[in-house]
*Asks:* 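Before we start, here is the structure in question, set down as structure tokens.
Just so you know, residue 1 is the first one in the sequence shown, and it goes up from there.
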Amino acid sequence: MISLSPGRRAWQRFRRNRLGYASLGVVLLMIAFTLAAPLISNEHPLLASYEGTLYLPILSNPPETEFGGNFRTATDWHDPLIERQFAKAGNWVIHAPNRYSGATINFTEKAAHPAPPSARNWLGTDDRGRDVFARLLYGFGLGLFFAFALTALTTVLGVLAGAVQGFFGGWTDLGLQRISEIWNSLPSLYLLVILAAIFTPSLWLLIGLLALFSWISLADYVRAEFLRNRGLEFAKGARAMGLSQVRIMWRHILPNSLTPVITFLPFRLSEGLLQLTALDFLGLGLPASVPSLGDLLRQGKDNLDAWWLSVPTMILLVGTLLLLTFIGDALRDAWDARKS
């Protein structure tokens, strides 16, 4: 009988969890969809041909003088003049399925903004005339990037701090534990309000600030695993062989202490996505010009009759959180050594 590694056994148990495995497939499909956002929703065409010359406006938008315009400004592909030029024989253009980017304003809409869904704006427009589908697509992609970046940074910080505490113990563990308790008691929300008043909030500023306060909970779990594993036979055998403390920590104890790190990853992704959404909803997150789920929810609160602002956003947000929860539950069961 072939002996499988713990990781492969956990993967097999995870695959047998149909709900968790299917949720992982859906999340990967959603990530691929957001990565292809410029090809799905873009104000610049994918490819254009004018008087025998090919252009790639999606990569480099030429000035409108290239197409018979009067100004050397970037081409507005919604301009009626440009549309008439490409309607002539021999000229053609291939647009994205949705002809709006996250910041594109629909100036041709006759209805007052926020306008309801139409053939040109699939999910309507927001209060500034921007396409809701485009802002939902780009905002969701930005939220996922924020969640992944924040999770990666907090995981690294939490593993480092917990490993040092759990491996060395004694005064090192006691001192770092008191420091983490004091640090965790600082009001992070107040710091966000102060920084938002001083600096223009940016994606990396929010990631860095939230990461400073989000690593402590994971460090406690890693610390407990190191405290337990450092006294087991494989760790004692490594010490008896004369291996260095760094090698024992990272090559022997850490691989056997990753269960809480792996099982909590989907839940930390959910937390990161919710944190950015909440900050944008409160006006403490990214600038209003940046597409975000929280900005759409805030506009939906201010325009209760415009259901197309809040309903699709809530469906996407709740659906994503449910999928990540199913994945987290499946990972927790897969790494549970008591389950066969």
Side-chain angles (χ1 to χ4, degrees), residues 27 30-31 34 37 41 100-105 113-117 121-151 153-154 186-214 217 266-325:
V27 170
M30 295 170 69
I31 293 174
T34 58
S41 184
Y100 297 94
S101 298
T104 309
I105 298 177
H113 298 300
N121 300 104
W122 300 344
L123 293 178
T125 62
D126 64 2
D127 57 3
R128 301 183 186 181
R130 298 168 299 193
D131 185 74
V132 173
F133 175 82
R135 292 188 68 79
L136 196 64
L137 178 61
Y138 285 95
F140 180 67
L142 186 63
L144 285 181
F145 175 79
F146 179 90
F148 276 104
L150 180 61
T151 300
L153 186 55
T154 54
L186 295 177
S188 57
L189 183 59
Y190 290 161
L191 291 177
L192 279 173
V193 174
I194 295 173
L195 289 177
I198 299 175
F199 305 103
T200 300
S202 64
L203 185 68
W204 292 109
L205 178 63
L206 293 176
I207 291 175
L209 184 61
L210 291 176
L212 290 177
F213 296 93
S214 301
S217 59
F267 302 107
R268 300 189 75 84
L269 288 173
S270 301
E271 182 182 358
L273 184 59
L274 280 177
Q275 283 178 326
L276 180 63
T277 303
L279 290 175
D280 290 336
F281 180 81
L282 296 173
L284 300 176
L286 300 175
S289 59
V290 179
S292 70
L293 302 182
D295 180 67
L296 286 173
L297 291 177
R298 181 174 54 81
Q299 291 191 41
K301 176 185 70 69
D302 297 335
N303 302 273
L304 296 178
D305 56 331
W307 58 266
W308 54 90
L309 292 174
S310 55
V311 172
T313 308
M314 286 298 300
I315 292 175
L316 179 61
L317 186 60
V318 173
T320 304
L321 296 179
L322 283 176
L323 291 173
L324 291 175
T325 301

*Asks:* May I have the step-by-step check of side chain to side chain contact (heavy atoms under 4.5 Å, CB included) for Leu206 and Gln275, ending in yes or no?
*Replies:* CA-CA 10 Å; Leu206 293 176; Gln275 283 178 326; over 6 Å; no

*Asks:* Hey, could you give me the CZ/OG1 distance between Phe146 and Thr277, rounded to the nearest 0.5 Å?
*Replies:*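 Answer for the CZ-OG1 pair, Phe146 versus Thr277, is 9.0 Å.
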
*Asks:* With a 3.5 Å distance limit and no angle check, can you tell me whether Trp308 reaches the backbone of Trp122 through a side-chain donor-acceptor pair?
*Replies:*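 Side chain of Trp308 to backbone of Trp122, a donor-acceptor pair under 3.5 Å: no, none is there.
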
*Asks:* Should Leu286 and Leu276 count as side-chain neighbours, where that means a heavy-atom distance under 4.5 Å?
*Replies:*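 Sidechains of Leu276 and Leu286: in contact.
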
*Asks:* If I take atom CH2 from residue Trp204 and atom CD1 from residue Ile207, how far apart are they, to the nearest 0.5 angstrom?
*Replies:*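 Rounded to the nearest 0.5 Å, the CH2-CD1 separation comes out at 4.5 Å.
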
*Asks:* Please round to the nearest 0.5 Å and tell me the distance separating atom CZ of Arg298 and atom CG of Asn303.
*Replies:*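 Between atom CZ of Arg298 and atom CG of Asn303 there are 10.0 Å.
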
*Asks:* Quick one: does Arg268's side chain get under 4.5 Å of Ser217's, heavy atoms only?
*Replies:*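 A side-chain contact under 4.5 Å exists here.
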
*Asks:* Where the side chain of Arg130 meets the backbone of Ile105, is there a donor-acceptor pair that is under 3.5 Å apart?
*Replies:*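 No, the answer is negative, given that no donor and acceptor are paired below the 3.5 Å cut-off.
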
*Asks:* Supply the atom-to-atom distance Leu142 CG to Leu273 CG, rounded to the nearest 0.5 angstrom.
*Replies:*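 Leu142 atom CG to Leu273 atom CG measures 10.0 Å (nearest 0.5 Å).
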
*Asks:* Closest heavy-atom contact between Ala211 and Thr154?
*Replies:*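 Heavy-atom minimum between the residues: CA-CG2, 3.6 Å.
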
*Asks:* Given 3.5 Å as the limit, does a donor-acceptor pair link the side chain of Ser41 with the main chain of Ala37, or not?
*Replies:*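 Checked: no pair found.
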
*Asks:* Can you name the closest pair of heavy atoms from Ala306 and Pro114 and give their distance?
*Replies:*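 Minimum heavy-atom contact is CB-CG, 3.9 Å.
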
*Asks:* Between Asn121, Asp127, Leu123, which is the residue that forms a side chain to side chain contact (heavy atoms under 4.5 Å, CB included) with Thr125?
*Replies:*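 Going through the options one by one, the only one that passes is Asn121.
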
*Asks:* Which atoms form the tightest heavy-atom contact between Thr34 and Ile31, and what is the distance?
*Replies:*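 Where Thr34 meets Ile31 most closely, the heavy atoms are OG1-O, 2.6 Å.
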
*Asks:* What distance separates Asp280 CG from Leu296 CG, expressed to the nearest 0.5 Å?
*Replies:*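 With rounding to 0.5 Å, CG (Asp280) is 10.0 Å from CG (Leu296).
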
*Asks:* Could you report the tightest heavy-atom contact between Ser101 and Ala134, atom names first, then the distance?
*Replies:*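 In this case the closest contact between Ser101 and Ala134 is O-CB, 3.4 Å.
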
*Asks:* If I compare all heavy atoms of Thr104 with all of Tyr100, which pair ends up nearest, and what's the gap?
*Replies:*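 The answer is CG2-CD2, 3.7 Å.
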
*Asks:* Let's go through Val132 and Gln299 carefully: what are the C-alpha distance in whole Å and the side-chain angles of both, what is the deciding distance for side chain to side chain contact (heavy atoms under 4.5 Å, CB included) to 0.1 Å, and is it a yes or a no?
*Replies:* CA-CA 11 Å; Val132 173; Gln299 291 191 41; over 6 Å; no

*Asks:* Calculate, to the nearest 0.5 Å, the distance between atoms CG and CG belonging to Leu274 and Leu279 respectively.
*Replies:*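 The distance works out to 11.0 Å.
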
